[in-house]
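Data block below; observations after.
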There are 2 protein chains.
Amino acid sequence: MKERISTARKREIVEGFYNLSIVNGLENTSIAKIGKHLDMPPSLIMHYFPTREILISNLIDYILEKYLLIYQPIIKDLEQNESVDASLIVETLFSRNWNLLFDDGVFYSCYALIFRNDKIKKEYRILHEKLRESLKEILDKNKEMEGKDTAVLAEQIFIVVEGAYYYLSMFDDEAAYSQKVTYFKNQVYDLLRKKEAQLL
Amino acid sequence: MKERISTARKREIVEGFYNLSIVNGLENTSIAKIGKHLDMPPSLIMHYFPTREILISNLIDYILEKYLLIYQPIIKDLEQNESVDASLIVETLFSRNWNLLFDDGVFYSCYALIFRNDKIKKEYRILHEKLRESLKEILDKNKEMEGKDTAVLAEQIFIVVEGAYYYLSMFDDEAAYSQKVTYFKNQVYDLLRKKEAQLL
DNA sequence: TATAATATTGAATGAGTGTTCAATATATTT
DNA sequence: AAATATATTGAACACTCATTCAATATTATA
């Protein structure tokens, strides 16, 4: 019972931190502000997260956890069919639903921390490796992929996806945005179509 | 003369800000710390940069200015030859010299600001468009590129480069790093080799 | 040389920071 | 019901923050 209170409070605090960070930025979201937002004294936050660093670490866990949900449409499809076709993969990877899962501003602020914090760097690395492994498994279920090095293919596809999200975040103009997305989707389709297995 | 003092001081301050941010992170680099680092009172910094926001804006100008220097090896080569071959382009884009030009931690911290600051977003967008336009011009000088949509090609190449830098920053292991770089370089070579012009 | 403009200093401001601590309330275990 | 563990409170801490201001030093202009 107390265990439940503890975990519920922790989650409440992390989510409050996250939601405030979306609006104010990670660097401007203080423990006092989180407390005011959630109507609880800062000392209670410190009770569950002894230092701000620990709190940030938990926020990152929370964000990365959400990040893994991208594959949900594909997993859902796999429950009914044996393999997934290319278009569902591409459309899922570039869907804007992704942006709804987590806030890009907070995500990149946390990402920037990898350069000065090895623990965070490792967490990010593990997540990104997971994303690629999952894509490889999905690709391996497809007969058209036989004989291809799906591990390398997954790496190359994700580089396009991640580069695209990075770049496209700079564009507000809907027309320019969607035209560029088309280029990058085609780029992934080309990778999937490529006949020869990737050379080492 | 006074003009010179002013611009020299401004540059000194921005560089101090930048150098401290590399070590402590952008969010932990205060005006007081910059002052102590440069042995000048905070009030002098405020004299040249009335608000912290303006100072950050100038830091971003400074970083983006450095970013544009990637093309230097190619420009140097173009002074002697009429066109640049693919390998110099690919090697330049993936060279680690790039990392020496500016600090990635500071760069991504500043990048994260685009999500809450439209002025910064626009600056970043303009830089990234410039990078692509320059690459297009370089590609256009090459006869092998005739008939290809070099504008789209430049977009697709840069997506790979930027995605790669984002992803590779998570890896410290030299072997894993260089193997992955190989994949991504090949990916760009494939783009350059592709016969058909890109469909709209 | 006198005047105006800019450069530089140092002290002060109030607000906000993360964190600590002792006291109290609530729930769990004995 | 008593003892123990956890949850919650609110006040306080020393410190740092960006920013302001009046005073002084230096340089440029008239």
Side-chain angles (χ1 to χ4, degrees), chain A residues 1-60 62 106 109-110 112-113 116-117 119-120, chain B residues 1-60 62 106 109-110 112-113 116-117 119-120:
Chain A
M1 179 60 85
K2 281 243 170 132
E3 186 67 23
R4 257 184 234 152
I5 292 175
S6 170
T7 54
R9 266 275 189 262
K10 280 183 183 173
R11 175 147 276 251
E12 185 190 3
I13 292 166
V14 169
E15 284 179 353
F17 187 14
Y18 172 67
N19 288 322
L20 273 186
S21 295
I22 294 174
V23 183
N24 304 322
L26 185 75
E27 67 278 13
N28 301 317
T29 304
S30 66
I31 290 165
K33 281 178 187 167
I34 301 168
K36 188 170 278 182
H37 178 62
L38 298 175
D39 201 34
M40 72 177 63
S43 48
L44 187 57
I45 296 172
M46 301 297 297
H47 172 68
Y48 290 106
F49 304 99
T51 67
R52 186 186 153 85
E53 213 189 331
I54 292 171
L55 180 55
I56 289 181
S57 175
N58 278 72
L59 173 67
I60 288 171
Y62 175 77
V106 181
S109 287
C110 292
L113 299 176
R116 282 172 295 117
N117 185 320
K119 195 171 152 275
I120 295 175
Chain B
M1 178 60 85
K2 283 246 171 129
E3 186 66 22
R4 259 185 233 153
I5 292 175
S6 170
T7 54
R9 267 274 189 262
K10 280 183 183 173
R11 174 147 276 247
E12 185 190 2
I13 292 166
V14 169
E15 284 180 354
F17 187 15
Y18 172 67
N19 288 322
L20 273 186
S21 296
I22 293 174
V23 183
N24 305 322
L26 185 75
E27 66 278 15
N28 300 316
T29 304
S30 66
I31 289 165
K33 282 178 186 166
I34 301 168
K36 188 169 279 182
H37 177 62
L38 298 175
D39 201 34
M40 71 176 63
S43 49
L44 186 57
I45 296 173
M46 301 296 298
H47 172 68
Y48 289 106
F49 304 99
T51 67
R52 186 185 152 83
E53 213 188 332
I54 292 172
L55 180 55
I56 289 180
S57 175
N58 278 72
L59 174 66
I60 288 171
Y62 175 76
V106 182
S109 287
C110 291
L113 299 176
R116 282 172 296 118
N117 186 319
K119 196 171 151 275
I120 296 175

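Letters go in sequence order (proteins before strands), and every chain restarts at 1. Hydrogens, waters and symmetry mates are skipped; everything else that's a heavy atom, side chains included, is used.
- With C:dT8, D:dG10, C:dT19 as the choices, the nucleotide that has an atom nearest any side-chain atom of B:R9 turns out to be C:dT8.
- One interatomic measurement links the two molecules: CG of B:L55 to P of D:dC17, which rounds to 14 Å at whole-angstrom precision.
- For the pair B:I5 CD1 and D:dT27 P, the interatomic distance rounds to 6 Å; values are reported in whole Å.
- Residues passing the salt bridge (Lys or Arg N to Asp or Glu O under 4.0 Å) test with B:R11 are B:E15, B:E65, sequence neighbours excluded.
- Put simply, NZ on A:K10 is 13 Å from C1' on D:dA7, counting in whole angstrom units.
- With sequence neighbours excluded, the residues forming a side-chain contact (heavy atoms from CB on, under 4.5 Å) with A:E27 are A:S109, B:E27, B:L113, B:R116, listed by chain and number.
- Rounded to the nearest 0.5 Å, atoms CG (A:L59) and CD1 (A:I13) are 12.5 Å apart.
- Taking 4.5 Å as the limit, some side-chain heavy atom of B:L26 sits within range of a side-chain heavy atom of B:C110.
- Nucleotide C:dT8 holds its P atom 12 Å from the CD1 atom of B:I45, rounded to whole Å.
- Among pairs with a residue in residues 34-58 of chain A, those fulfilling side-chain hydrogen bond (donor to acceptor under 3.5 Å, both in side chains) read A:S57-A:K119, at least two apart in sequence or across chains.
- Rounded to whole Å, atom C1' of D:dT8 lies 15 Å from atom CZ of A:F49.
- Distance A:L44 CG to C:dT26 C1': 13 Å, rounded to the nearest Å.
- When the nucleotides D:dT19, C:dT19, C:dA7 are ranked by their closest atom to the side chain of B:S6, C:dA7 comes out on top.
- For B:F49, there are no ring pair (Phe, Tyr, Trp, His ring centres under 6.0 Å) partners at least two apart in sequence or on another chain.
- Atom CE of A:M46 is separated from atom P of C:dT19 by 4 Å (rounded to the nearest Å).
- Taking only side-chain nitrogens and oxygens, A:Y48 comes nearer than 4.0 Å to OP1 or OP2 of D:dT8.
- In terms of the side-chain contact (heavy atoms from CB on, under 4.5 Å) criterion, residue partners of A:T29 (sequence neighbours excluded) are, by chain and number, A:F17, A:L20, A:S21, A:N24, A:I34.
- Listed by chain and residue number, B:I31 satisfy the side-chain contact (heavy atoms from CB on, under 4.5 Å) test with B:M46 (two or more places apart in sequence, or in another chain).
- Within residues 15-39 of chain B, the residues approached by DNA chain D to less than 4.0 Å at the level of any non-hydrogen atom are B:S30, B:I31, B:A32, B:K33, in residue-number order.
- Remark: A:I45 CD1 to A:K33 NZ distance equals 13.0 Å, nearest 0.5 Å.
- We find that CE of A:M40 is positioned 8 Å from P of D:dT8, with the value rounded to whole Å.
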Tabulated below should be each protein N or O lying under 3.5 Å from an N or O of nucleotides 21-24 of chain C; please produce it.
none

